[in-house]
Q: 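Just dropping this structure here.
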Amino acid sequence: MTTFYRVCRAICLFWLRLSGFHVYGKENVPPDRSLVIVANHSSLTDPIILACAFPYQIFFMAKDEFRQNSFMRWLLLKLGAFFVKRGEADLAAIRSAVQVLQKDRALGIFPEGHRNLKPELDEFKQGPLFIAYRAHVRILPVAIVNAKHFMRFWKRNKRVIIGRPMEILSPKAEGGKSLAEYNDELKQIVAELWEKGNNIQD
């Protein structure tokens with residue numbers, strides 16, 4: 001964890017704790033950091049909340065449009081993010097993602113590909129699964145609940161629910177599935193975690 005990331009995380013975590021932030025399922029986090037962490041995406045603060053839920057640095061994929069804003073480009077690069085062109089097969093971004101994982105680092109991706117304000121999850125892109133398969137690492141499903149209330153400290157309902165890791169096997173391996181099947185399973189797990197998070201009474 002870089003010093004800059006650590007300081008930013010500490011400030012955000014302090015704010016979240018003032019507003020009743022809770023993380024559930026910490027026991028599901030494997031000891032190795034080489035993971036693709038996937039979560040639902042409803043707010044610009046989702047990466048902040050996800051970063052505060054884990055004790056180590058998460059390297060995020062950020063949409064390429066952020067390059068146009070000099071401050072956002074500087075901030076995201078300083079935090080270890082790298083850019084991806086949405087809507088196309090960005091091979092450079094895929095290579096960067098695999099390199100992150102090969103260095104025993106956690107990669108954070110939002111498979112919906114955009115912020116979704118609807119009460120149900122949008123279609124999951126298969127990119128996170130492909131990256132996990134290429135890098136031979138597991139997927140860790142996560143649900144983020146009420147990220148839209150990040151600045152409202154009186155809304156004490158901000159939660160992260162961590163599921164169990166998923167092993168991504170070749171379709172030819174025993175118990176293996178196609179990426180489409182894994183994708184459906186992953187979306188269902190995140191949806192169940194999200195529903196669970198909404199039903200928790202703190």
Side-chain angles (χ1 to χ4, degrees), residues 1-2 5 25-26 28-41 46-47 49-51 53-67 73 76-116 121-144 160-194:
M1 189 182 296
T2 65
Y5 186 99
K26 292 180 180 179
N28 293 325
V29 180
D32 58 300
R33 300 182 184 184
S34 191
L35 294 164
V36 177
I37 302 171
V38 303
N40 58 301
H41 192 22
D46 286 329
I49 292 177
L50 201 58
F54 286 80
Y56 45 73
Q57 184 166 355
I58 300 175
F59 293 78
F60 289 98
M61 275 188 171
K63 62 181 182 180
D64 196 60
E65 291 86 339
F66 281 131
R67 287 182 191 268
R73 182 174 65 249
L76 290 169
L77 290 173
K78 192 75 173 176
L79 291 170
F82 57 95
F83 299 100
V84 58
K85 296 177 182 177
R86 299 187 296 178
E88 60 181 87
D90 190 339
L91 298 181
I94 292 173
R95 284 194 294 270
S96 295
V98 172
Q99 288 171 2
V100 164
L101 295 165
Q102 289 175 339
K103 294 178 181 177
D104 193 29
R105 295 170 173 172
L107 176 69
I109 307 180
F110 301 101
E112 289 173 284
H114 60 273
R115 281 178 291 156
N116 172 25
L121 298 181
D122 266 347
E123 177 187 356
F124 273 25
K125 306 295 189 294
Q126 294 185 17
L129 290 161
F130 178 74
I131 291 169
Y133 177 72
R134 284 283 303 272
H136 307 290
V137 301
R138 289 178 287 179
I139 292 263
L140 190 65
V142 175
I144 303 171
V160 167
I161 301 88
I162 303 171
R164 296 179 179 176
M166 287 178 58
E167 195 82 34
I168 310 302
L169 303 174
S170 166
K172 299 178 181 179
E174 183 178 353
K177 305 173 186 177
S178 68
L179 287 185
E181 290 174 312
Y182 276 123
N183 204 42
D184 290 340
E185 181 181 347
L186 178 61
K187 180 181 176 181
Q188 181 62 33
I189 291 172
V190 174
E192 291 173 356
L193 293 172
W194 185 82

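What you see is a predicted model; the values in this text were computed from it and never measured.
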Q: Are more than 12 heavy atoms from other residues, nucleotides or ligands located less than 6.0 Å from atom CZ of Arg73?
A: yes

Q: Within a reach of under 6.0 Å around CD of Glu167, are more than 12 heavy atoms found that belong to other residues, nucleotides or ligands?
A: yes

Q: So, for Phe59 and Leu107, which heavy atoms are closest and what is the spacing to 0.1 Å?
A: O-CD1, 3.2 Å

Q: What's the separation between atom CD1 in Ile144 and atom CD1 in Ile162, rounded to the nearest 0.5 Å?
A: 10.0 Å

Q: Using the side chain to side chain contact (heavy atoms under 4.5 Å, CB included) rule, pick out the option among Val38, Ile189, Leu140 that qualifies with Met166.
A: Ile189

Q: Given side chains that start at C-beta, do those of Met61 and Ile131 come closer than 4.5 Å, heavy atoms only?
A: yes

Q: Looking at every non-hydrogen atom in both residues, tell me the closest pair between Ala39 and Phe110 and how far apart they are.
A: O-CD2, 3.4 Å

Q: Please report the closest heavy-atom contact between Asn28 and Gly163, naming both atoms and the distance.
A: CB-O, 3.1 Å

Q: Between Val36 and Leu101, what is the shortest heavy-atom contact and its length?
A: CG2-CD1, 3.7 Å

Q: Nearest 0.5 Å please: distance from the CG atom of Asp46 over to the NE2 atom of His41.
A: 5.5 Å

Q: Shortest non-hydrogen contact from Gln57 to Gly80?
A: NE2-CA, 4.2 Å

Q: With Phe82, which of Val100, Leu76, Leu77, Asp64 fulfils side chain to side chain contact (heavy atoms under 4.5 Å, CB included)?
A: Val100

Q: Should Lys125 and Ile109 be marked as a side chain to side chain contact (heavy atoms under 4.5 Å, CB included) after you check the CA-CA gap, both sets of side-chain angles, and the distance that decides it?
A: CA-CA 10 Å; Lys125 306 295 189 294; Ile109 307 180; over 6 Å; no

Q: In chain order, what residues pass the salt bridge (Lys or Arg N to Asp or Glu O under 4.0 Å) check against Glu181, with sequence neighbours excluded?
A: none

Q: Has the side chain of Asn183 got a donor or acceptor atom that lies under 3.5 Å from a matching backbone atom of Leu129?
A: no

Q: About how many Å separate CG of Asn40 and CH2 of Trp194, when rounded to the nearest 0.5 Å?
A: 8.0 Å

Q: Atom CZ of residue position Arg164 - does it have more than 12 heavy atoms of other residues, nucleotides or ligands inside 6.0 Å?
A: no

Q: Rounded to the nearest 0.5 Å, how far apart are CD1 of Ile139 and OH of Tyr182?
A: 10.5 Å

Q: Please round to the nearest 0.5 Å and tell me the distance separating atom CZ of Phe83 and atom CD of Glu65.
A: 10.5 Å

Q: Looking at every heavy atom in both Val98 and Ala135, which two are closest together, and how far apart are they?
A: CG1-CB, 4.2 Å

Q: Drop me the distance from Leu186's CG to Leu121's CG, to the nearest 0.5 angstrom.
A: 9.5 Å

Q: Could you check whether any side-chain heavy atom of Ile37 comes within less than 4.5 Å of a side-chain heavy atom of Phe60, counting everything from C-beta outward?
A: no

Q: Test side chain to side chain contact (heavy atoms under 4.5 Å, CB included) on Tyr56 and Val29 and set out the steps.
A: CA-CA 11 Å; Tyr56 45 73; Val29 180; 3.6 Å; yes

